[in-house]
> 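The structure follows.
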Amino acid sequence: MRTATLGPAERTAALAAMAERELDVLVVGAGVVGAGTVLDAATRGLSTGLVEARDWASGTSSRSSKLIHGGLRYLEMLDFALVREALKERGLLLERLAPHLVKPVPFLYPLQHKGWERLYAGSGVALYDAMSVSSGHGRGLPVHRHLSRRRALRVAPALKKDALVGALQYYDAQMDDARFVATLVRTAAGYGSHVANRARVIGFLREGERVVGARVQDVEGGGEYEVRAKQVVNATGVWTDDTQALIGERGQFHVRASKGIHLVVPKDRIHSSTGLILRTEKSVLFVIPWGRHWIIGTTDTDWDLDKAHPAASSADIDYLLEHVNSVLNTPLTRDDVQGVYAGLRPLLAGESDATSKLSREHTVAHPVPGLVVVAGGKYTTYRVMAKDAVDEAVHGLDQRVAECVTEDIPLLGAEGYRALWNARARIAARTGLHVARVEHLLNRYGSMAEELLDLVADDASLGEPLAGAEDYLRAEVVYAASHEGARHLDDVLTRRTRISIETFDRGTRCARECADLMAPVLGWDTDQVEREVEHYRKRVEAERESQRQPDDLTADAARLGAPDIVPI
């Protein structure tokens, strides 16, 4: 497999190639499911294309809890099949597919009742571990352990003494969701897929009842392309119904959006060596280790406003602070919150009014000839969803097609990662970077970190940290534009890095430096640099304003005060 570079020239070439020759499969939507689907199809030997209206993972797939997990709470719902499936996928990702991106993370579950709760919760966690091991891919994680109150407070001193009588500690896994999707896309491109972001489907091509492709608008260049394909896969998540409407079909199911918000606070605000999982009246609340930060979330409320920019209201923020403060010795305040982000879960519409009770399982349908729809599901099981979508598409292809092989296809950067990790001290000595910087690069890019180190070797200034966002090197901004398909400043600050939620200024301090680094790669002049920086500042202002509003309606109106895209 060749290393895929997704720069401006490659994007232009991909759009031209898709319009030039009929594809076997065209995938619409580059969230985790769409990216997984195009990789699945490409590794079966099919000619494939992927188009995304905005940026890789710009919707739900960059705004999750960043967890790869079996879904411990689904055991309580007796959804054993979903948990078993997710635990197998968790193990595959940790051990084989993406060990550079997916890492173990510990969680402490405080017990509040003596006797029966330890037996009840302990049985559930023991079953969770047993199902993980029985999947054949769960031996890499430590098993759960029972803790007394004293031992639990030693592990998590931030907890109030009266908030627990004891605890259970177990392990799941986490990743940077947007980085994971970008790596999936690049892996698919490495296997021959044509991929283009900022390329919006504005209509479907029809021959009678059959869908035979899509009309694609180049959002950046303004041109239109007719992309013909034997099968089109609609993997647009919360936009599924909108995409279906382009062919005038109601579809066989509906997708309902559920809003989840998360807060990001500095690591020193919560004194703990482990993550936390807490029960709420509706669901569960996670406090998740995230580098030098904690992620606190999430909520689960119905949302029927703007899908592109779901807004967190003041009420949402207060809800999370109130629930996490109920167990903390030192309460968190609004001043402790570095970042806030909101995402929408694509839930299959059902009979339940409560979004927390709607199915996390997925559905695949073939509503009209030539068009496959995949919807629902959860991030962890993206590979299974992709397999099912391609299996369905294959039924419409007049040819023999190989079975799914993605269980054995490591993502770009996985091969050689462990060897480089073992050599990290030597790499640090060779490059002059601190070993912590080398570890940072290896855990974000795997063996592709060598490509960033080459940039630094050619220009030593790229080995310097960004001013105001010192966790990231200047080389990462250049690489995002030259190799990872970043087209705008927002793409880099929000998804290629997490500067927008990891700094109190939300990235405004380093915005100009980043834009200046991107400019030579993307051909920006001084005016475009100014537009990019101003657009980003307005976005941050609109988000801050939305988070001061009392409810969804006013928060949504405030967030829409910033324009969506920067014209070129």
Side-chain angles (χ1 to χ4, degrees), residues 29 31-33 54 57-67 69 71 73 177-178 236-242 254-264 278 280-288 295-324 334 337 339-350 352-362 375-380 494-495 498 500-501 506 539-540 542-562 564:
V32 71
V33 176
R54 294 159 66 217
S58 57
T60 304
S61 294
S62 61
R63 306 176 192 185
S64 73
S65 297
K66 325 295 185 212
L67 293 177
H69 62 140
R73 71 190 182 96
D177 47 10
T236 52
V238 293
W239 287 273
T240 298
D241 291 0
D242 304 72
H254 294 286
V255 173
R256 183 169 158 189
S258 160
K259 184 179 72 168
I261 82 143
H262 296 80
L263 311 180
V264 181
L278 311 170
T280 69
E281 66 277 7
K282 296 177 182 176
S283 183
V284 294
L285 184 74
F286 287 101
V287 179
I288 306 161
I295 292 176
I296 301 169
T298 181
T299 57
D300 199 339
T301 55
D302 213 5
W303 179 266
D304 57 6
L305 300 169
D306 180 61
K307 295 187 182 79
H309 305 293
S313 69
S314 180
D316 291 327
I317 296 169
D318 288 343
Y319 172 87
L320 289 181
L321 289 176
E322 178 188 342
H323 278 78
V324 74
R334 287 290 187 102
V337 177
V340 181
Y341 64 94
L344 300 177
R345 303 175 192 86
L347 304 180
L348 297 176
S352 171
D353 288 331
T355 55
S356 60
K357 293 180 181 176
L358 291 179
S359 175
R360 259 61 171 180
E361 294 189 62
H362 66 276
K378 57 203 292 280
Y379 200 112
T380 303
T494 307
R495 286 173 290 277
R498 291 310 191 149
S500 67
I501 59 171
R506 305 200 179 176
R539 181 209 128 139
V540 170
E543 286 187 345
R544 287 190 187 279
E545 184 60 29
S546 71
Q547 290 154 21
R548 289 190 280 266
Q549 302 307 308
D551 54 39
D552 284 352
L553 210 57
T554 51
D556 179 66
R559 177 61 186 88
L560 291 176
D564 188 30

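Model, not experiment: these values are computed from the prediction.
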> When you compare the side chains of H69 and T380, does any donor N or O come within less than 3.5 Å of an acceptor on the partner?
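On atom types as modelled, these side chains do not qualify, holding no pair under 3.5 Å.
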> Atom CD1 of I261 and atom CG of L320: how far apart are they, to the nearest 0.5 Å?
4.5 Å
> When you compare the side chain of V340 with that of R544, does any pair of heavy atoms fall below 4.5 Å?
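SC-SC contact between R544 and V340 ruled out.
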> Identify the heavy atoms of S62 and D177 that sit nearest to each other, and give their distance.
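Heavy-atom minimum between the residues: C-OD2, 3.3 Å.
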> What distance do L348 atom CG and H362 atom NE2 have between them, rounded to the nearest 0.5 Å?
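Going from the CG atom of L348 to the NE2 atom of H362 covers 9.5 Å.
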> Show the nearest heavy-atom pair for residues A311 and D556, with the distance to one decimal.
CB-N, 3.9 Å
> Going by ring pair (Phe, Tyr, Trp, His ring centres under 6.0 Å), H262 matches just one of F286, Y319, Y341. Which one?
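It is Y341, the one option of F286, Y319, Y341 that forms the ring pair (Phe, Tyr, Trp, His ring centres under 6.0 Å) with H262.
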> Return the minimal non-hydrogen interatomic distance between A257 and D302, and the atom names on each side.
O-OD1, 3.2 Å
> Between the side chains of D316 and T299, is a donor N or O closer than 3.5 angstrom to an acceptor N or O?
no
> Strictly by modelled atom types, are E545 and Q549 linked by a side-chain donor-acceptor pair under 3.5 Å?
yes
> Measure across R63 and G343 and return the closest heavy-atom pair with its distance rounded to 0.1 Å.
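Looking at all heavy atoms of both residues, the shortest contact is CB-CA, 3.6 Å.
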> Can you tell if the side chain of Q547 reaches within under 4.5 Å of the side chain of I317, non-hydrogen atoms only?
yes
> Got a donor-acceptor contact below 3.5 angstrom from the T554 side chain to the D551 backbone?
yes
> Would you compute the distance between atom CG of D306 and atom CG of L560 and round it to the nearest 0.5 angstrom?
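Between D306 CG and L560 CG, I get 4.5 Å after rounding to 0.5 Å.
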> Please give me the minimum heavy-atom distance between R54 and W239, naming the atom from each residue.
NH1-CH2, 3.7 Å
> Closer than 3.5 angstrom, by distance alone: can the side chain of T494 be matched with the main-chain N or O of S500 as a donor-acceptor pair?
no
> Where is the tightest heavy-atom contact between S64 and Y379, given as atom of each residue plus distance?
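Answer, listing the atom of S64 first, then Y379: OG-CD1, 4.5 Å.
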> Which value, rounded to the nearest 0.5 Å, describes the distance between T280 atom OG1 and E322 atom CD?
11.0 Å
> S258 vs D300, test: side-chain hydrogen bond (donor to acceptor under 3.5 Å, both in side chains). Steps then yes/no.
CA-CA 6 Å; S258 160; D300 199 339; 2.4 Å; yes
> Kindly say whether A312 contributes a backbone atom to a donor-acceptor pair with the side chain of K259 at under 3.5 angstrom?
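Judged by distance alone, no pair lies under 3.5 Å.
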> For the atom pair CD1 (I288) and NZ (K66), what is the distance rounded to the nearest 0.5 Å?
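Separation between the atoms: 9.0 Å.
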> Got a donor-acceptor contact below 3.5 angstrom from the T60 side chain to the R345 backbone?
no
> Output yes when D304 and R256 qualify as a salt bridge under the 4.0 Å nitrogen-oxygen rule, no when they do not.
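Judged by the 4.0 Å cut-off on N to carboxylate O distance, D304 and R256 do not form a salt bridge.
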